[in-house]
**Q** 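I'd like to ask you about the structure that follows.
Labels below follow one simple rule: chain letters A, B, ... track the order of the sequence lines, proteins then strands, and each chain is numbered from 1.
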Amino acid sequence: MRDTRRTRIVLAVLLLTAFTFITLDARGGEGSLLDRVRESASSVFGPIERAAAAVVNPVSDFIDGITSINSTSDTIDALEAENDELRRQLLTAPLDQARLDELDRLLRVSSLGDYEIVPARVIAVSAENGYARTVTVDAGNRDGVKRDQTVLNGDGLVGRVIAAGPGTATILLLTDPEFGVGSRLAASSETGFLQGNGRDQLGLELYNPQAVVEEGNVVLTLGSPNGRPFVPGVPIGEVTNVIATPGGLSRLAEVEPFAQLTSLDLVGVVIEPPRRNPRDALVPPTTGASPSPSTSPSP
Amino acid sequence: MTVGRVLLSTLLVVTAAVVQVTVVNRLPLPGAGPDLVLLVVIALAIVVGPTAGASIGFAAGLLVDLLPPTATEFGRWALVFCVIGYLAGQIQIDARRSALIVLGAVAGLAALSSLLFAGVGLLFGDPRVSGELVVSTTLSSVLYDLLLAPFVIPGVMALARRTALNPAAL
């Protein structure tokens, strides 16, 4: 042991400082001094992360490609056909094509829902040992991104903006336990509250205990006043499991998100909410169980 | 701490933290991945001792707390890494004898950092921390940190020793 009196004093002072910071941060609301510290940190480190991501992204794209094949291994036939298709794509224009497709779907969603979006790419991801599920994207204040805006991709809801620096923004993913969103079942008027819980599935609580809900039902965002933090009509996911709660005051169900949150790349931040509620216009047509609505949005 | 060591520590910690969020966390690893900053703090502290180790850990923790996409309280990782740096500094003499001691220390300190972080969260009512998650996160972090330690710790220690122009100046 090479402990001296001085060492102990230094340790005690540092621990006390850290504890004070945590207490101040846990108690201080929005716009506190620490919030401003964090904001200036993001203006310093945002560019560094952007630069690092520019180097890293081709590598992570390759890894994402491998794992997305793994995750669909249960449908071997479909996979084989897809594999051939993918191989052909890989030979020609691998990354650009995938990115173009992704952007295409994002634009389709934004035009169907009449959302005005800013496209952004994920440049940094939070560590899982910190328990929070957040990502940094390369769009910020300069692009019109502000705190409490909806973030989506071509598949559905991704999360909401919790902090915006000049060129980067931090997004709370919908699987984070602190994430909650008012939601609605497609093709019905049943409303409820959807929450992340740190796992891949989300928990849905429907306010009507008699609500009819079954596997395959699509869940959409209900929408917040003025579209912040959530614009209405964004598909969130599909009900995978209805939990029996006899005599309960609400209905509980598990929802699998449409967006693949473990391999996020291109996302869109909704900077302007739609003038009219898109209702069920964005329900994906491929999900068989839901009654398919007429996808042509009424003028 | 010599000026060279301060510069080296800063460079290594910043690099580790940035690589962590832009590369390591994006790898689709099952469970929580390795913690590069933790490994760098341990390696530096073994060379520089407990006083400087605690300071390096504190500063590294503050950086992790600030680096986007952070969502945890400012100071939480600082508290954890401060303790880690202090404890890692205690083992410096033994480390020259055996690599196994370092690996054992990495396992113990990785588990401690995960549990301390969760513990502070419980103390301040963090809704994200739950028992089952803490267990799986701790186990997987220890495993990944052990796997990565042989590639990170010897290099960082060698660099830190090389900048030791005056080993007595701590």
**Q** Side chain, backbone, both or neither: which part of B:Thr70 has a heavy atom under 4.5 Å from chain A?
**A** both
**Q** With a 4.5 Å heavy-atom cut-off (strictly below), which parts of residues 174-182 of chain A touch chain B? List them by number.
**A** A:Asp176, A:Pro177, A:Glu178
**Q** Side chain from CB out, backbone as N, CA, C, O: work out which of these in A:Val135 comes under 4.5 Å of a heavy atom of chain B, or both, or neither.
**A** backbone
**Q** Evaluate the side-chain proximity of A:Ile22 to B:Val120: yes if any heavy-atom separation is below 4.5 Å, no if none is.
**A** yes
**Q** So which bits of residues 41-49 of chain A come within less than 4.5 Å of chain B, counting non-hydrogen atoms only?
**A** A:Ala41, A:Ser42, A:Phe45, A:Ile48, A:Glu49
**Q** To the closest 0.5 Å, what do you measure between OG1 (A:Thr262) and CG (B:Leu27)?
**A** 12.5 Å
**Q** Can you measure from CG (A:Leu24) to CD (B:Glu73) and round to the nearest 0.5 angstrom?
**A** 11.5 Å
**Q** So which residue, B:Ala78, B:Ala54, B:Pro68, B:Ser140, ends up with the most heavy-atom pairs under 4.5 Å with chain A?
**A** B:Pro68
**Q** For chain B, which of A:Leu14, A:Thr20, A:Thr170, A:Thr17 has the most heavy-atom pairs under 4.5 Å?
**A** A:Leu14
**Q** Students often mix this up, so state it plainly: with edges at 30° and 60°, are the rings of A:Phe21 and B:Phe74 parallel, tilted or perpendicular?
**A** tilted
**Q** Quick one: closest heavy-atom pair of A:Ala18 and B:Gly75, and the distance?
**A** CB-O, 3.6 Å
**Q** Might you work through the side-chain contact (heavy atoms from CB on, under 4.5 Å) test for B:Phe58 and A:Leu15, ending with a clear yes or no?
**A** CA-CA 8 Å; B:Phe58 182 79; A:Leu15 288 183; over 6 Å; no
**Q** Can you say whether A:Leu172 sits under 4.5 Å from chain B via the side chain, the backbone, both, or neither, judging by heavy atoms?
**A** side chain
**Q** Less than 4.5 Å apart, side chain to side chain, heavy atoms only: is that true for A:Tyr131 and B:Leu133?
**A** yes
**Q** How close do A:Ser126 and B:Pro69 get, heavy atom to heavy atom, and via which atoms?
**A** N-CG, 3.5 Å
**Q** Does CG in A:Asn241 sit with more than 12 non-hydrogen atoms of other residues, nucleotides or ligands closer than 6.0 Å?
**A** yes
**Q** Return the option, out of A:Thr134, A:Leu16, A:Ile9, with the maximum number of heavy-atom pairs under 4.5 Å with chain B.
**A** A:Thr134
**Q** Going through the checks in order, is the side-chain contact (heavy atoms from CB on, under 4.5 Å) test met by B:Asp35 and A:Asn129?
**A** CA-CA 8 Å; B:Asp35 193 336; A:Asn129 64 359; 3.3 Å; yes
**Q** Please look at B:Ser141 and chain A and tell me whether the side chain, the backbone, both or neither of the residue comes under 4.5 angstrom of a heavy atom of that chain.
**A** side chain
**Q** When you compare the side chain of A:Leu11 with that of B:Cys82, does any pair of heavy atoms fall below 4.5 Å?
**A** yes
**Q** Counting only non-hydrogen atoms closer than 4.5 Å, does B:Ser55 touch chain A with its backbone (N, CA, C, O), its side chain (CB onward), both, or neither?
**A** both
**Q** Heavy-atom cut-off 4.5 Å, strictly under: side chain, backbone, both or neither for B:Val64 against chain A?
**A** neither
**Q** Where is the tightest heavy-atom contact between A:Val125 and B:Arg26, given as atom of each residue plus distance?
**A** CG2-CG, 3.6 Å
**Q** Nearest 0.5 Å please: distance from the OG1 atom of B:Thr51 over to the CZ atom of A:Arg8.
**A** 10.5 Å
**Q** Which heavy atom in A:Thr7 sits nearest to a heavy atom in B:Pro50, and how many Å separate them?
**A** CG2-CB, 3.7 Å
**Q** Minimum heavy-atom separation for B:Trp77 and A:Gly130, please, with both atom names.
**A** CZ2-CA, 4.1 Å
**Q** If every non-hydrogen atom of B:Gln20 is compared with every non-hydrogen atom of A:Ala127, which pair is closest and at what distance?
**A** NE2-CB, 4.4 Å
